[in-house]
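Note that ligands are numbered from 1 as they come in the structure, with each ligand's atoms numbered from 1 the same way. All of these numbers come straight from a predicted model, not from anything done at the bench.
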Amino acid sequence: MADSPATDVDVVVVGAGMAGLFALHHFRALGFSAIVLEAGDGVGGTWYWNRYPGARCDVPSLEYSYGFSEELQQEWEWSEVFPAQPELERYFNHVADRFDLRRDIRLNTRVTSATFDDEARTWAVETEQGDRFVARFVVMATGPLSVPNVPAIPGRDEFRGTVLQTSRWPDGDLGLEGKRIGLIGTGSSGVQTTPELAALADHLYVFQRTPTYTWPSHNGPLDPEVQEAWKRDYVECRRNQRRTFGGVTGSTGAIILAMPGERAILEATDEERLAMVDERGFDASRAWSDVARDPEANELGAELYREMVRRTVKDPELAESLSPRGFPIGCKRPVIDSSYFETFNRDDVTLVDLRKGGIERITETGIETEQGHFELDVIVFATGFDAMTGALARIDVRGRDGAPLRDEWAAGPRTYLGLQVAGFPNLFTVSGPGSPSVLGNMVVSSEHHVEWIGACLVHMRERGYATVEPTDDAQDAWVEHVNEIAQGTMFIAPTCSSWYVGANIPGKPRVFMPYVGGLPAYIDRVEEIVANDYEGFAFT
Ligand code: FAD
Ligand code: NAP
């Protein structure tokens, strides 16, 4: 580097999830000293915190795994097509041990602030316990879905039973068997945990504000031959992942969400549409060329979806309550389930359709709604996350001249490539807003980001640069591009309210945050920028 200010370490990485673990390994390999600060008591991030019954990945295990080490991918044996939380937590712990990462990871260490010193050109990172680390670079691997959304329902503290949050689920046996359990929320987490809680509970009450589009996972044991085939050809498989839109090749044989078909639903007859339901079940709703883009086609697809709900749920009134209406397929993150709708055919499961009368308050003994009081022993919140910006908003990040990131992002996040923010030199985000991140297989996009950051650090070392940050112009143009390509997609349909646009958090600016152009286009653009001598980045 140009000059070498006194630092404790070259890089502070915040977060020991999938991204932070790889970052530590990679930066070390490139000759940089690094330390990881992690708020939790274990590694694995998402797969450490979300240990609720049913927590499971919906990207096939062979694809939702690191590609950086041939030895690792040869050694590790996956047991299921879609791995459950315990297997993923074991995997990330194995990675921490195998690559000797733990000696540079501080657990139970929550970062509260990060402040850039203009003169020294260093960052000071402070923690809840009062530790202070000075570093040249800060890499925020804080996760796009790591801060729980805890809705302000009155009376929460008065409940005398057990209150649980899916994303902060305690380890060990919680004694849920035979209890009356109330579950609030029917997004991915709520849908995954519904059948599992139903199996444990004396009675399960599912409090549903908005019905969900969810598709069956067809999960099962992983075929050893498929695993062998991947192991024979991992390098090519990993290359293909980066050349597919969402970072999932589908070549594991797992049945994943139906891709758009050749045929337009608008051109099909009613009989042909229903024949598709007979053939493809829930997948019939998406298996057309026009459903993802045309609102009228989308509504026809949604009607096929509701047809499948009616075929699955025996009670017609209940089926109608569970049927999504009024917002398009593809507006929210697709949900993948195991026997979700079938669970509502059980006598010991009750759907509380909050559109018929909402939650008024939590009482000492249960949940009071406009439809009456539900007596409960346990309340489970599956109410989502302050996504994409939540973790950074909880750290007091200050860049040049003490400017707070919170102010820079007051009207919504602004980044260059989801990697850096103008005015915040040497600060990097992994899977930041403005990158593909949550719209695809996050292992693929995170590895790409960490590799990019590593290459940028090496570039600076070789040329003697002290700082890097985007220019305002480059950042403005990127933000505009990210917004532009989202136009016409269901993500920003007027009827769509999702966490992608911050709609689940009161007061959050309504801005579509991820890059919707897919991994290949994104990676190509990033490579082009580097080839053009880091176009849009300013080095000093
Ligand atoms: P995380 O795993 O979230 O790790 C971030 C870490 O940073 C956390 O451990 C957190 O404690 C720590 N941290 C945050 N703030 C601070 C701070 N101030 N100080 C110290 N530490 C801090 N993605 C997929 O691609 N496929 C899937 O099937 C999939 N399933 C998911 C299922 C669930 C239940 C959830 C919640 C998410 C899922 N995701 C999935 C997204 C998932 O978050 C990513 O795949 C991936 O795990 C993100 O890794 P990460 O390291 O970027 O962030
Ligand atoms: P989510 O999708 O945001 O769902 C939250 C649910 O809580 C919604 O049903 C929401 O209803 C409800 N809710 C929020 N506040 C409420 C209130 N005050 N009263 C009643 N209901 C309320 O959150 P999530 O299920 O945790 O999933 C978040 C993301 O994590 C997913 O989209 C996915 O990216 C990831 N994830 C993936 C998997 C997987 O299968 N791999 C599993 C879990 C999570 P409304 O819709 O009406 O707001």
Is any side-chain heavy atom of [X] less than 4.5 Å from a side-chain heavy atom of [Y]?
X	Y	result
W123	R136	no
Y48	D41	yes
R394	V147	yes

Test your reading of the structure: does [X] have an N or O sitting under 3.5 Å from an N or O of ligand 1?
X	value
A39	yes
C57	no
R56	no
V443	no
Y64	yes
V111	yes
S146	no
G40	no

Query raised in the report: Name the one of Y66, F22, F68 that satisfies ring pair (Phe, Tyr, Trp, His ring centres under 6.0 Å) with F99?
Result: F68

Query raised in the report: Do you know which two heavy atoms are closest between D58 and R333, and how far apart they sit?
Result: OD2-NH1, 2.7 Å

Query raised in the report: Between V191 and D337, which heavy-atom pair has the shortest distance, and what is it?
Result: CG1-CB, 3.4 Å

Query raised in the report: When you look at K332 and T210, which way does the side chain to side chain donor-acceptor pair (under 3.5 Å) test go after all the steps?
Result: CA-CA 12 Å; K332 301 188 185 192; T210 309; 4.6 Å; no

Requested in this report: Taking the six-membered ring for Trp and the full ring for Phe, Tyr or His, determine whether the centres of F137 and F27 are under 6.0 Å apart.
Outcome: no

Report summary line: Between V378 and the options I181, L200, V163, the side chain to side chain contact (heavy atoms under 4.5 Å, CB included) test singles out I181

Write out each pair where an N or O from ligand 2 and one from the protein are under 3.5 Å apart, with the distance.
from, atom 1, to, atom 2, distance (Å)
ligand 2, 7 (O), A382, O, 3.3
ligand 2, 9 (O), T186, N, 2.9
ligand 2, 9 (O), G187, N, 3.4
ligand 2, 25 (O), S188, N, 2.9
ligand 2, 25 (O), S189, N, 2.8
ligand 2, 25 (O), S189, OG, 3.4
ligand 2, 26 (O), S189, OG, 2.7
ligand 2, 32 (O), W499, NE1, 2.9
ligand 2, 34 (O), R333, NE, 3.3
ligand 2, 40 (O), D58, OD2, 3.3
ligand 2, 40 (O), Q192, NE2, 2.9
ligand 2, 41 (N), R56, O, 3.2
ligand 2, 41 (N), D58, N, 3.4
ligand 2, 41 (N), D58, OD1, 3.4
ligand 2, 46 (O), T210, OG1, 3.4
ligand 2, 46 (O), K332, NZ, 3.3
ligand 2, 47 (O), R209, NE, 2.9
ligand 2, 47 (O), T210, OG1, 2.4
ligand 2, 48 (O), R209, NH2, 2.9

Query raised in the report: Which is closest to atom 52 (O) of ligand 1 by heavy-atom distance: G42, S189, A19?
Result: A19

**Report entry** Option nearest atom 34 (C) of ligand 1 (shortest heavy-atom distance, choices F385, F92, Y52)
**Finding:** Y52

